[in-house]
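We count ligands from 1, going down the list as the structure has it; atoms in each ligand are counted the same way. Positions are given from 1, in the same order as the sequence printed here. Hydrogens, waters and symmetry mates are skipped; everything else that's a heavy atom, side chains included, is used.
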Amino acid sequence: MIVVLVGPPGAGKGTQADLLVDKRGFRKISTGDALRRQIKLGTEVGKKAAEVMKRGDLVSDDILFDVIQEELGSKADENVLLDGYPRNIKQAETLQTIAQERPIQAVVHLDVARDVLIERLSGRRTCPECSATFHVSLNPPKVDGKCDRCGGALVQRPDDSKESVQVRLDVYEKNTKPILDFYRGQGIYKSIDGTGNTQSVFSRLEAVLA
Ligand code: AMP
């Protein structure tokens, strides 16, 4: 079974996905994390993706096709949570065909206003080792600059710069938002308020998945 989390950058998809993994035993697939791993490894895919990601655009559907197929694997009986895929109609159609044996249980939209997203993203700090995220004022790490989970040195993601954030938000409006109607038409679309503290958003998420 598949659950898809959709939302603009900074909506908290990764954080909520991690909670679902911990509490409900899902396996999380983050295409952003998968691409960042390719960049770190210096692969051809990583080289192609790096520039595009840095400016905040979408990486090509061809590359994402390979990434999602590889990440999904062939274990049809496990529960999978998709964070960051699909991001346009073409990818949503691809997912229908490659995940036929695993029905999509729900597509949950995390709804957050643009000004809140900008505040969250501009102060976000990420651990390059384990992908945990923090915020300089809203959710600071216990030790300045260090990941609470693994001790890694926190960084600002290159695409969390002011310019890239604007591009990513525009790309979301233009390319990703249309998939909400696509799923609304299939009766599996749910929307929750993504503002407030992590735990209250998680309670809303659990309620729509119950
Ligand atoms: P994320 O970590 O989900 O915010 O993704 C970071 C970046 O990776 C995005 O801004 C895109 O450049 C790229 N990316 C991740 N997932 C996808 C996708 N499904 N389609 C195209 N590009 C993607």
Side-chain angles (χ1 to χ4, degrees), residues 2-18 20-21 28-41 43-72 80-99 104 107-110 112 114 116-135 154-180 182-183 194:
I2 294 179
V3 169
V4 179
L5 287 183
V6 186
K13 300 185 294 296
T15 306
Q16 295 301 324
D18 286 343
L20 273 181
V21 169
K28 167 175 139 175
I29 296 176
S30 157
T31 45
D33 284 349
L35 289 166
R36 281 184 286 275
R37 277 198 297 277
Q38 297 287 330
I39 293 175
K40 222 170 159 184
L41 291 169
T43 64
E44 278 309 307
V45 165
K47 282 180 197 146
K48 283 186 193 152
E51 267 309 300
V52 182
M53 287 171 74
K54 191 171 173 193
R55 60 169 194 267
D57 271 331
L58 292 186
V59 175
S60 81
D61 290 333
D62 288 349
I63 289 182
L64 263 297
F65 180 78
D66 293 341
V67 169
I68 196 67
Q69 263 204 323
E70 161 111 26
E71 293 286 318
L72 267 175
V80 169
L81 187 67
L82 296 186
D83 161 14
Y85 190 94
R87 263 178 153 99
N88 60 28
I89 294 279
K90 174 109 190 285
Q91 294 180 9
E93 288 169 350
T94 299
L95 184 61
Q96 303 285 110
T97 57
I98 61 174
I104 302 177
V107 174
V108 185
H109 169 216
L110 290 179
V112 180
R114 192 170 173 120
V116 178
L117 296 169
I118 291 171
E119 191 203 1
R120 285 184 184 179
L121 290 168
S122 59
R124 181 159 80 171
R125 297 293 179 270
T126 306
C127 176
E129 306 302 326
C130 74
S131 308
T133 57
F134 301 86
H135 188 280
L154 300 179
V155 296
Q156 182 174 45
R157 266 171 48 175
D159 57 346
D160 279 346
S161 71
K162 218 172 160 188
E163 300 73 30
S164 303
V165 163
Q166 297 295 341
V167 174
R168 287 161 71 205
L169 291 171
D170 291 344
V171 164
Y172 174 78
E173 289 291 323
K174 184 165 170 263
N175 298 281
T176 308
K177 248 188 160 174
I179 71 171
L180 301 181
F182 178 86
Y183 288 120

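The side chain to side chain donor-acceptor pair (under 3.5 Å) search around R37 returns E71, not counting sequence neighbours. Take E93 and apply the salt bridge (Lys or Arg N to Asp or Glu O under 4.0 Å) test, not counting sequence neighbours, and it matches no residue. Residues forming a salt bridge (Lys or Arg N to Asp or Glu O under 4.0 Å) with E163 (at least two apart in sequence, or on another chain): none.
The side-chain heavy atoms of D83 and I29, taken from C-beta on, include no pair separated by under 4.5 Å. Between N175 and R87, the closest side-chain pair of non-hydrogen atoms is not below 4.5 Å.
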Test D160 against R168 for salt bridge (charged side-chain N to carboxylate O under 4.0 Å, His left out), laying out the working first.
CA-CA 9 Å; D160 279 346; R168 287 161 71 205; 2.8 Å; yes
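Residues with a heavy atom under 4.0 Å from ligand 1: T31, G32, L35, R36, M53, D57, L58, V59, L64, G84, Y85, R87, Q91, R157, D159, R168.
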